[in-house]
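Working notes for the structure below.
Sequence lines set the chain letters: A, B, ... in the order given, protein chains first and strands last, and positions in each chain run from 1. Remember, predicted model here, so these are calculated numbers, not experimental data.
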2 protein chains.
Amino acid sequence: MSATPSPDSPVPAYLQVAEALASRIEADEFEFQLPSERKLTREYGCSYDTLRHAIKVLRGRELVITRHGYGTFVKAAVRAAGLI
Amino acid sequence: MSATPSPDSPVPAYLQVAEALASRIEADEFEFQLPSERKLTREYGCSYDTLRHAIKVLRGRELVITRHGYGTFVKAAVRAAGLI
DNA sequence: GGCGATTTGTACGTATGTATT
DNA sequence: CAATACATACGTACAAATCGC
């Protein structure tokens, strides 16, 4: 898990990371809150730019919700908790 | 015109640039195609990141259309020309 | 209400890849 | 093939927001 995106793939790194995170979300690995952006960049060995781009994709798919100064959360879990 | 965004403003630089470009578009200054991203960064004295963020805002407002490897265009003009 | 720790947001500049003409 | 232009990727620094104490 958390494999560094392959630069040889025709798929952009930010999409590879997005897919990897989406799988982990579907597998309920994070339960509620995702690790911090900085921590995820270290896990995936990618740049901050790439990681944020990936999370933006996840937001577009409505898989996560991000709150400035707080964190990024699994949307389904937030909904299940009745917080939205 | 093309003033460097003020760092003292509470408005983020990318929004200041977006507003400036929107005004120029409304004033029909570009007619059809916007200057290249690199040229605009020099005009506005901002970073590539800031300028691309600004153009992304304009795309969200449907003021412009961007085509990879070709350029960024005034959407109304493209429409008027019957190209979309 | 302020303080400090944590986290996301913005801004910077550069290099390389991909698409179009 | 060459020139031009947008897209992706990189790493860093500082600002802004949130929360618990």
Specify the separation, in whole Å, of atom NZ of A:Lys39 and atom P of C:dT6.
12 Å
Could you list the donor-acceptor pairs under 3.5 angstrom formed by side chains in residues 63-73 of chain A, with sequence neighbours left out?
residue: A:Thr66; atom: OG1; partner: A:Arg59; partner atom: NH1; Å: 3.1
residue: A:Thr66; atom: OG1; partner: A:Thr72; partner atom: OG1; Å: 3.1

Applying side-chain hydrogen bond (donor to acceptor under 3.5 Å, both in side chains), name anything that partners A:Glu31, two or more places apart in sequence or on another chain.
none
C:dG9, OP1 or OP2 - any side-chain N/O from A:Arg52 closer than 4.0 Å?
yes
5'-most contact on DNA chain C (nearest-nucleotide basis), A:Gln33 vs A:Ser9, goes to A:Gln33
So do the side chains of A:Tyr44 and A:Thr50 get within less than 4.5 Å of each other, counting heavy atoms only?
no
Note: B:Arg61-B:Glu26 ion pair, threshold 4.0 Å (strictly below):
no
Select from A:Ser36 and B:Arg67 the residue whose nearest nucleotide in DNA chain C is closer to the 5' end of that strand.
A:Ser36
Any link between B:Leu51 and B:Phe30 through a network of hydrophobic side chains (Ile, Leu, Val, Met, Phe, Trp, Tyr) touching at under 4.5 Å?
yes
Working to the nearest 0.5 Å, report the span between NZ of B:Lys39 and OG1 of B:Thr41.
11.5 Å
Going by heavy atoms closer than 4.0 Å, what residues in residues 69-79 of chain A are next to DNA chain D?
A:Gly69, A:Tyr70
To the nearest Å, how far apart are A:Leu51 CG and C:dT7 C1'?
13 Å
Short N-O contact, B:Arg38 and B:Glu43, less than 4.0 angstrom:
no
Going 5' to 3' along DNA chain D, between which two nucleotides do contacts with chain B fall, using a heavy-atom cut-off of 4.0 Å?
D:dA5 to D:dT8
Which heavy atom in B:Leu58 sits nearest to a heavy atom in B:Ala22, and how many Å separate them?
CD2-CB, 4.1 Å
All N/O contacts under 3.5 Å from nucleotides 11-14 of chain C to the protein, with atom names and distances to one decimal?
residue: C:dA11; atom: OP1; partner: B:Ala13; partner atom: N; Å: 2.1
residue: C:dA11; atom: OP2; partner: B:Tyr14; partner atom: N; Å: 3.2
residue: C:dC12; atom: OP2; partner: B:Ser47; partner atom: N; Å: 3.3
residue: C:dC12; atom: OP2; partner: B:Ser47; partner atom: OG; Å: 3.3
residue: C:dC12; atom: OP2; partner: B:Thr50; partner atom: OG1; Å: 2.5

Residues 11-18 of chain A side chain polar contacts: donor-acceptor under 3.5 Å, at least two apart:
residue: A:Gln16; atom: OE1; partner: A:Ser6; partner atom: N; Å: 2.9
residue: A:Gln16; atom: NE2; partner: A:Ser6; partner atom: O; Å: 2.9
residue: A:Gln16; atom: NE2; partner: A:Val11; partner atom: O; Å: 2.8

How close or far is atom P of C:dG9 from atom NE2 of A:His68, stated in whole angstroms?
6 Å
Lys/Arg N to Asp/Glu carboxylate O, A:Glu37 vs A:Arg42, below 4.0 Å
no
Rounded to the nearest 0.5 Å, how far apart are CG of A:Leu34 and CD of A:Glu29?
9.5 Å
